[in-house]
Amino acid sequence: MADFQSKVTRRPRSKLERVVEVLHRDAEAPSEAAGLTRVLEELERHVAETVRRALPALQALPLNDARAQLRESGVSHRPTLDRILLWTGHLSSVAPSEGTLRLVVRLGYPGESFESVARALDAELPASEALSLARRANGLLDRHSRAICLPVKPRCNKCCIAAACGFRGIGADPSARLQSSS
Ligand code: SF4
């Protein structure tokens, strides 16, 4: 995978930025997987809008209060909680779904739990665009995990980021080390 540089700052791009860029380009290409990606993107936008409309009071709260209110509302699943806080703008975190955890651990990211893998991803968010990249990564990685990087028999021969993957469907699956995030 080419070692792109940021067009704005000329700093070397992180692995996360390069992977997101390739997934974004692939989502533009006409293919079966890209078609599914576009449908899922629409759904993602719809969910984000629903969250934004339904939770205006939440958005006005500081992070810790917003987190506490969500917990009081019964949102205890950490990935879901972080994902909502990402879309309300409280949290610049990739907030990986279960599928994204599987995918990025296969790519070579360290960690065994939601917390440790999420921190490894977030460490690669550039300060200048952390929230926007986190939102793009959240959606694109999750969709790739559902369309291509399947739990069993990942479709590595159709994978646009195979060059960045340390697994490629060969040998022991690194995602077997992941613990449940519930
Ligand atoms: S090459 Fe295979 S295992 Fe690696 S990210 Fe792509 S689909 Fe997943």
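Indexing begins at 1, ligand by ligand and atom by atom, following the structure's order. Remember, it's a predicted structure, so these values are computed and weren't measured experimentally. Just the heavy atoms: all of them, side chains too, but no hydrogens, waters or symmetry mates, feed the values below. For the single chain, residues carry numbers from 1 onward in sequence order.
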Pairwise side-chain contact, Arg25 with Cys160, heavy-atom cut-off 4.5 Å (strictly under): no
Environment of atom 8 (Fe) of ligand 1 in terms of protein N/O/S atoms, cut-off under 2.8 Å: Cys149 SG
Shortest non-hydrogen contact from Pro126 toward Leu133: CD-CD2, 3.5 Å
Side chain to side chain donor-acceptor pair (under 3.5 Å) involving Asp173 - partner list, sequence neighbours excluded: Arg106, Ser175
Minimum side-chain heavy-atom gap Asp82-Pro79 below 4.5 Å: no
Ion pair check, Arg102 and Glu98, cut-off under 4.0 Å: no
Donor-acceptor contact below 3.5 Å, side chain Lys15 vs main chain Tyr109: no
